[in-house]
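Report on the following structure.
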2 protein chains.
Amino acid sequence: MSRSQAIADILTRAILDHRLVPGCKLGERELSEIFDVSRIVIRQSLIRLADDGLAQIERNRGAFVARPSMQDAMEIYDALTLVEQGVAAQLSDRLGPAGWAELRQHVERQRQAVASGNDALADVLGQEFHTVFVRLSRNKVMQEIHAQLVRRTTLLRSLITADFDYCNLLDDHARVVELLEKGRLKPAMELIDAHHRSVVRGYIMDRQVFPELTPREALEPYLDGKAGEAPKPAPRKKTGDRGGTGAHAHVHTAK
Amino acid sequence: MSRSQAIADILTRAILDHRLVPGCKLGERELSEIFDVSRIVIRQSLIRLADDGLAQIERNRGAFVARPSMQDAMEIYDALTLVEQGVAAQLSDRLGPAGWAELRQHVERQRQAVASGNDALADVLGQEFHTVFVRLSRNKVMQEIHAQLVRRTTLLRSLITADFDYCNLLDDHARVVELLEKGRLKPAMELIDAHHRSVVRGYIMDRQVFPELTPREALEPYLDGKAGEAPKPAPRKKTGDRGGTGAHAHVHTAK
DNA sequence: TCTTATTGATTGATATCCAATCCTGTGTTT
DNA sequence: AAACACAGGATTGGATATCAATCAATAAGA
């Protein structure tokens with residue numbers, strides 16, 4: 001793989017881990033020193049990030065981690081809902097027994113993780129559910145679109161006031177699978193919609209985000225060869241946020 | 001705008017106009033001489049094209065215009081159908097009178113173009129319909145996803161045996177609008193699906209595509225400043241293809 | 001004729017340099 | 001003291017030249 005792609009992947013992970021927060025300057029010189037490559041390679045990486053919606057390049061000003069607006073957030077969640085509803089409709093028509101089994105098995109694995117108190121694993125599995133869901137459509141184009149939207153929702157999570165609990169929404173997943181398998185498409189789609197709406201409605205993005213890490217500090221754990229085993233989640237000072245990047249951050253709006 | 005973005009746009013147009021056909025080598029040196037820029041700028045342009053799915057970069061081999069497979073074609077049309085159906089569902093809920101008026105007006109303009117024999121205009125309007133349709137969702141993220149899918153379908157049209165008539169499917173457009181406005185969402189969605197399915201089913205992509213133009217010839221009309229007024233459609237030797245890039249190439253499968 | 005080796009071309013990447021632009025800090029003016 | 005103007009520094013966007021690695025196609029040899 002090209003060096004610029006590899007670096008783009010690292011930057012992407014750092015952003016998704018909330019180690020590089022929205023608005024953070026991604027200076028060419030600084031990054032080139034961090035990764036020990038030339039500025040041009042960094043430029044190419046930044047172009048890739050910008051094409052993916054994770055960075056924003058301003059002419060003669062440089063690249064910054066994207067700072068999506070509330071409007072952007074709603075549009076991203078709308079698009080994600082649209083895609084997942086569409087996939088749900090396709091699956092309810094076309095999915096074979098093996099597919100349903102895989103979905104049920106995934107939910108079951110997550111259930112066991114929750115039961116055994118392994119929150120981190122449950123979180124990861126909760127994220128993965130959506131990916132598996134879309135993968136079963138056997139449409140790589142759709143998978144890539146969906147993955148990009150998920151990345152952007154993860155970026156959004158850097159911007160919200162992190163005063164929420166993670167519930168992995170095992171119930172929602174199980175119910176979606178159940179409804180779809182029974183052919184009850186419409187309730188399933190409404191459940192998907194309701195889920196995403198409840199998430200985005202809890203967003204409060206007025207606050208400015210201040211980077212707690214310099215790019216050098218943020219990227220240090222990803223450097224130095226295949227050290228990717230311990231991905232190092234995001235550090236947070238304030239709340240009890242465990243730093244997960246779960247796609248299921250569920251905001252408790254009701255009291 | 002950055003030079004690499006401008007060049008990427010030109011390359012994109014040339015590909016969508018079928019002047020650069022799938023498989024065509026996009027050599028860095030050649031392009032850098034054509035556009036009179038350094039190789040680095042070209043590399044950045046090619047990265048953008050690859051991210052958009054219009055080019056494919058092979059390590060140490062270079063970039064080529066993407067050569068999507070039949071599988072890719074089906075997946076792209078599936079994704080397009082999914083997106084447009086989802087947008088249709090949203091519009092049937094949320095679109096106001098002004099929106100419906102705009103859609104009806106667009107269809108009417110296309111009807112007039114057809115009636116007056118202005119096929120070229122009718123073709124453009126037929127393409128635009130889908131774009132307008134998605135724009136009314138007021139979701140820029142969705143718009144960009146849709147636009148990318150449309151670009152890829154246009155690329156696909158370089159690969160099919162061009163033995164079909166262009167009918168602008170005014171009827172389909174009018175009917176979709178009519179059905180949606182009446183709240184008959186399901187038939188409208190089925191109509192969208194049927195349309196795209198009929199298109200992709202007519203595809204025959206066994207044939208190899210041979211470039212009839214060198215990159216230098218293909219790109220010449222786009223160079224030299226704002227000469228973009230006469231976009232120069234694609235040249236075709238064989239059929240009566242008028243060179244349109246209409247999103248509504250409708251294959252007459254039934255006899 | 002088939003296999004192997006060499007050569008040429010192209011890509012990936014680096015270093016250095018330059019122009020244009022933006023930010024900032026200072027100094028001047030009112 | 002406040003507002004404005006200007007100059008300098010820093011950063012980006014880009015050009016050029018160069019080098020290593022890899023691929024492809026040809027040429028040499030069995």
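Letters A, B, ... are given to chains in the order of the sequence lines, protein chains preceding strands, and every chain is numbered from 1.
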Spacing of [atom1] belonging to [X] relative to [atom2] belonging to [Y], to within rounding of 0.5 Å:
{"X": "B:L159", "Y": "B:H18", "atom1": "CG", "atom2": "NE2", "answer": "9.5 Å"}
{"X": "B:R94", "Y": "A:D78", "atom1": "CZ", "atom2": "CG", "answer": "5.0 Å"}
{"X": "A:M142", "Y": "B:L149", "atom1": "CE", "atom2": "CG", "answer": "7.0 Å"}

| field | B:D72 side-chain N/O to B:S69 backbone N/O, donor-acceptor pair under 3.5 Å | value |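 The answer is yes, because a donor-acceptor pair under 3.5 Å joins these two groups.
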| request: Ignoring hydrogens and angles, tell me if any N or O in the side chain of A:S32 forms a donor-acceptor pair with the backbone of A:S38 under 3.5 Å. | output: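 Not confirmed, A:S32 side chain does not pair with A:S38 backbone.
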What integer distance in Å separates [X]:[atom1] from [N]:[atom2]?
{"X": "A:Q44", "N": "C:dT11", "atom1": "CD", "atom2": "P", "value": "13 Å"}
{"X": "A:R29", "N": "C:dC17", "atom1": "CZ", "atom2": "P", "value": "13 Å"}
{"X": "A:L26", "N": "D:dT12", "atom1": "CG", "atom2": "C1'", "value": "14 Å"}
{"X": "A:F64", "N": "C:dC22", "atom1": "CZ", "atom2": "P", "value": "12 Å"}
{"X": "A:L31", "N": "D:dG13", "atom1": "CG", "atom2": "P", "value": "13 Å"}

| query | Do the side-chain N and O atoms of B:Q127 and B:D123 include a donor-acceptor pair separated by under 3.5 angstrom? | reply |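 Not at all, the side chains of B:Q127 and B:D123 share no donor-acceptor pair under 3.5 Å.
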| request: Return the residues of residues 35-42 of chain A meeting this criterion: a heavy atom under 4.0 Å from some atom of DNA chain C. Order them by number, or give none. | output: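 Contacting residues: A:V37, A:S38, A:I40, A:V41.
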| query | Looking at DNA chain C, which of residues 47-62 of chain A put a heavy atom within less than 4.0 Å of it? | reply |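 A:N60, A:R61 - these, ordered by number, are the residues of the stretch whose heavy atoms sit under 4.0 Å from the strand.
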| query | Below 4.0 angstrom, N of the basic side chain to O of the carboxylate: do B:R43 and B:E28 qualify? | reply |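 Judged by the 4.0 Å cut-off on N to carboxylate O distance, B:R43 and B:E28 do form a salt bridge.
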| message | Taking A:E144 first and then A:R151, would you say they form a salt bridge - that is, a charged N and a carboxylate O separated by under 4.0 Å? | response |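 Yes, A:E144 and A:R151 are salt-bridged.
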| task | For residues B:R67 and B:G23, report the shortest heavy-atom separation together with the two atoms involved. | result |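 Between these two residues, the closest heavy atoms are CG-N, 3.8 Å.
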| request: Evaluate the ring planes of A:H195 and A:H130, with Trp represented by its six-membered ring, and classify them as parallel (under 30°), tilted (30 to 60°) or perpendicular (over 60°). | output: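 Perpendicular: the ring planes of A:H195 and A:H130 meet at over 60°.
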| Is B:K25 near enough to D:dA24 that one of its side-chain N or O atoms lies under 4.0 angstrom from OP1 or OP2? |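 Answer no for this pair, as no side-chain N or O of B:K25 is under 4.0 Å from OP1 or OP2.
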| Looking at DNA chain D, which of residues 1-9 of chain B put a heavy atom within less than 4.0 Å of it? |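 Listed by number, they are B:S2, B:R3.
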| message | Show, in sequence, the C-alpha distance, side-chain angles and deciding distance for A:L103 and A:F129, and conclude whether the side-chain contact (heavy atoms from CB on, under 4.5 Å) test is met. | response | CA-CA 8 Å; A:L103 281 177; A:F129 177 81; 3.9 Å; yes
